[in-house]
Number of protein chains: 2
Amino acid sequence: MGIPERKNREKQALRERILGAARRIVMREGFGALSMRKIADAIEYSPATLYLHFASRDDIARALCEEGYAQLLASFAPAAHIEDPRERLHALARAYVAFGREHPQTYRLIFMEDPSYTGAALRSAQQNGELDEAGDAAFRMLTDALDALKASDRIPADADSAVWAEALWATLHGIVALSLTCPVFPLAPLETVVDTAFNAWFGAPSTSRGGKPVDVAPAMRPSVTAARARKRKAPSS
Amino acid sequence: MGIPERKNREKQALRERILGAARRIVMREGFGALSMRKIADAIEYSPATLYLHFASRDDIARALCEEGYAQLLASFAPAAHIEDPRERLHALARAYVAFGREHPQTYRLIFMEDPSYTGAALRSAQQNGELDEAGDAAFRMLTDALDALKASDRIPADADSAVWAEALWATLHGIVALSLTCPVFPLAPLETVVDTAFNAWFGAPSTSRGGKPVDVAPAMRPSVTAARARKRKAPSS
DNA sequence: GTCTATAAAGTGATAGAC
DNA sequence: GTCTATCACTTTATAGAC
C-alpha cells in the first residue's frame with residue numbers, strides 16, 4: 001500500500017508549492033496583488049490546477065492566514081519561559097509588535113483585511129486543543145500573566161484578566177496597525193511608544209531587584225497602575 | 001461677469017454629486033466595491049465625465065477621506081468643552097470609538113486601507129492652520145488634556161505628552177480596528193474594553209464623582225462560540 | 001462638457017480533452 | 001491530475017465625435 005501514500009505526498013507537496021508561491025507574492029507585492037494566475041505562473045502550472053487543491057482564492061488566503069498566525073504564535077515561545085509575569089508580558093508585547101513590523105503584509109492579511117481571514121487564523125490555532133471558552137493559547141498566555149500580576153498585587157485586584165487581555169491586545173494591534181498604515185505614526189520611536197503604553201498599563205519596572213515596587217506618591221488618587229507609572233521614563237527596547 | 005461664476009458653481013455641484021454617490025457606495029458596499037462605473041451609473045453620467053473632476057479613483061478616495069476625517073474631528077467638538085481634562089479625554093475616547101463603530105466603512109477607508117489615504121486625511125486637516133510640528137488640531141486636543149493632567153499630578157510628571165498622545169491614539173485605533181475586523185473581538189462589551197483601557201491609563205475615576213466605577217460584570221462574558229455566531233454585515237458608514 | 005466607443009489588461013472560475 | 005481554451009465579467013482610463 002505504498003503507492004497511494006506516495007500520491008498523497010505528491011499532492012501535499014504541490015499544495016505546499018502553491019502556498020509557498022502565494023506567500024511570496026503576498027510578502028513582496030501585498031495581498032491585493034495576489035491572483036490565481038500569478039500563483040500558477042510562479043509554480044509553472046496552469047491556473048486550473050490550483051482549483052484541485054483550493055476551492056478559491058479566499059481559500060488560499062485563509063490558508064496563508066493560518067500559516068502566518070502559527071508563525072506569530074511561535075514567535076511568542078521565547079517569552080513564555082520568562083518567569084516574572086511583568087517581564088513576560090513585556091516580552092510578549094515586543095514580540096507581537098516585532099512580528100507585525102517584520103511581516104507587514106502577512107500581518108495585514110491576518111488582522112486588517114477580512115473578518116473571515118482573521119477568523120480562519122484564530123480558529124486554526126484552537127482546532128487541536130480542547131475548545132474551552134477562553135479559546136486560543138496566546139490569549140491564555142496573556143490572561144495567565146495578568147492573573148499572576150494580580151496575585152502579586154501589581155495590578156488592581158478587581159481587574160478582569162480577560163477584559164484586560166482584550167484591551168491589551170487591542171493596544172498592541174493599534175500600535176502595529178497604525179504604524180503600517182499611517183504615514184506620520186509614530187513620531188517617536190516605535191519602541192518608545194510600546195514602552196510608554198506598557199508602563200502606563202503596568203507601572204514603571206521595579207528598580208530594586210526583589211523589592212516590592214516603591215510607593216512613590218501615596219497621596220495620589222489614581223489606581224495602583226497609574227500611580228506606579230509615576231516612577232520613570234521609558235527606555236527604548 | 002456672472003456667467004463664469006455660474007459655470008463654476010455648476011462644476012462644483014457635479015463634483016459634489018460625484019462625491020455623494022461615491023460616499024453612498026462606500027458606506028453601503030465598502031471601498032472595495034467602489035468603481036468609476038458604479039459612480040457614473042449612480043449619478044447618470046458617463047464614466048468619462050468623472051475624469052473631468054477627478055484624476056483617478058484614488059483621487060476620489062482621498063477626497064472621501066478628507067470629508068470623513070473632518071466628520072470625525074467634528075464629532076470631537078462636544079467633548080472639547082468639558083473642563084476636567086480626565087473627563088474630556090474620556091469623552092474624546094468614547095467619541096473616537098463611537099465614530100469608528102457608526103461609520104465602519106469610512107473609518108476603514110481613512111485608517112485601514114492605504115497610507116496615501118490616511119495621509120490625505122491628516123494633511124487636509126492642517127492645511128488651513130499654521131503648520132507647526134505637532135500637526136493637527138485633534139492631536140493637540142490630546143496633548144493639551146494630557147498636559148493638564150500632568151499639571152494636576154494625575155499622570156507622571158515626566159510623561160511625554162506627545163508620546164502618550166500617540167500611544168493613546170494607537171490604543172483607541174486598535175480597539176476600533178480590531179472590532180471591525182476580528183470576529184471574536186471584543187468578547188466583553190466594547191465600552192467595557194474602552195473603559196478598562198482608559199482606567200488602566202489614567203486610574204479609576206474620581207471616587208465621589210457620579211462616574212461609573214471600573215469593572216462591571218466580570219462573569220458575564222459570552223462564550224466564544226456565541227460571540228462567533230454574529231456575522232458581519234456592512235451597515236452604515 | 002459630455003457623450004459613445006473602445007482600448008488594454010486584467011479577474012475568478014470551469015468544461016472537457018488527454 | 002493536468003492541461004488548453006474559454007466564459008463571462010470586471011476594471012481604469014482615453015480618443016474623438018458632438
Side-chain angles (χ1 to χ4, degrees), chain A residues 2-26 28-65 109 113-114 116-117 120, chain B residues 1-26 28-65 109 113-114 116-117 120 234:
Chain A
I3 292 171
E5 268 102 354
R6 174 182 55 84
K7 294 217 168 173
N8 220 313
R9 274 200 310 276
E10 283 170 3
K11 176 154 185 165
Q12 201 61 24
L14 183 48
R15 188 192 151 94
E16 290 308 317
R17 289 196 61 197
I18 293 170
L19 283 181
R23 189 172 49 240
R24 279 188 292 277
I25 292 167
V26 168
R28 281 205 302 266
E29 311 172 52
F31 172 64
L34 183 70
S35 77
M36 301 301 268
R37 288 175 133 77
K38 231 180 239 178
I39 299 171
D41 282 355
I43 61 171
E44 298 176 296
Y45 275 77
S46 88
T49 300
L50 305 193
Y51 290 93
L52 276 307
H53 296 81
F54 296 94
S56 68
R57 175 177 176 268
D58 272 6
D59 215 38
I60 293 180
R62 280 188 283 267
L64 288 180
C65 284
L109 179 60
E113 209 68 48
D114 188 299
S116 99
Y117 299 169
Chain B
M1 284 267 198
I3 290 171
E5 268 102 355
R6 174 182 56 82
K7 295 217 166 177
N8 221 313
R9 274 200 310 277
E10 284 171 0
K11 175 154 185 162
Q12 201 61 24
L14 183 49
R15 189 192 150 94
E16 289 307 319
R17 289 196 62 197
I18 293 170
L19 282 181
R23 189 171 49 240
R24 279 188 292 278
I25 292 166
V26 168
R28 280 205 301 268
E29 311 173 51
F31 172 65
L34 182 71
S35 78
M36 301 302 265
R37 288 173 126 81
K38 230 180 241 179
I39 300 171
D41 283 354
I43 60 172
E44 298 175 296
Y45 275 77
S46 89
T49 301
L50 305 193
Y51 290 94
L52 276 307
H53 298 263
F54 295 94
S56 68
R57 176 178 175 265
D58 272 8
D59 214 38
I60 294 180
R62 279 188 283 268
L64 288 180
C65 284
L109 178 60
E113 210 67 49
D114 189 298
S116 100
Y117 299 168

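Just so it is clear: chains get the letters A, B, ... in the order the sequence lines come, proteins before strands, and each one is counted from 1.
Listed by chain and number, the residues in a ring pair (Phe, Tyr, Trp, His ring centres under 6.0 Å) with A/Tyr45 amount to none (sequence neighbours excluded). Evaluation of the side chain to side chain contact (heavy atoms under 4.5 Å, CB included) rule for A/Ala40 yields A/Pro47, A/Leu50 as partners, not counting sequence neighbours. Residues satisfying the side-chain hydrogen bond (donor to acceptor under 3.5 Å, both in side chains) test with A/Arg9, not counting sequence neighbours, are none. In this view, A/Glu44 satisfies the salt bridge (Lys or Arg N to Asp or Glu O under 4.0 Å) rule with no residue, not counting sequence neighbours. Listed by chain and number, the residues in a side chain to side chain contact (heavy atoms under 4.5 Å, CB included) with B/Lys38 are B/Ile25, B/Glu29, B/Ala33, B/Ser35 (sequence neighbours excluded). Residues meeting the side-chain hydrogen bond (donor to acceptor under 3.5 Å, both in side chains) test with B/Asp58, sequence neighbours left out: B/Tyr117. Scanning for side-chain hydrogen bond (donor to acceptor under 3.5 Å, both in side chains) contacts around A/Arg28 gives an empty result, with sequence neighbours left out.
When heavy atoms are screened at a 4.0 angstrom cut-off, A/Lys7 is found touching no nucleic acid atom at all.
The CD1 atom of B/Ile43 sits 9.5 Å away from atom CG of B/Leu19, with the distance rounded to the nearest 0.5 Å. Taking SG from A/Cys65 and CD1 from A/Ile60, the interatomic distance works out to 12.0 Å, rounded to the nearest 0.5 Å.
Contacts between residues 14-22 of chain B and DNA chain C, defined by a heavy-atom separation under 4.0 Å, are made by B/Leu14. Of the residues in residues 50-63 of chain B, those lying under 4.0 Å from DNA chain C by heavy-atom distance are B/Leu52, B/His53. DNA chain D lies under 4.0 Å from at least one heavy atom of each of the following residues of residues 31-45 of chain B: B/Leu34, B/Ser35, B/Met36, B/Arg37.
The two atoms that bring A/Ala61 and A/Leu109 nearest to each other are O-CD2, 4.2 Å, heavy atoms only.
For DNA chain D, the span of nucleotides reached by chain A at under 4.0 Å from its heavy atoms goes, 5' to 3', from D/dG1 to D/dT6.
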Taking only Watson-Crick and G-U wobble pairs with both distances under 3.5 Å, what dot-bracket line describes DNA chain D, where [ ] shows pairs that cross earlier ones and | shows pairs with another strand?
||||||||||||||||||

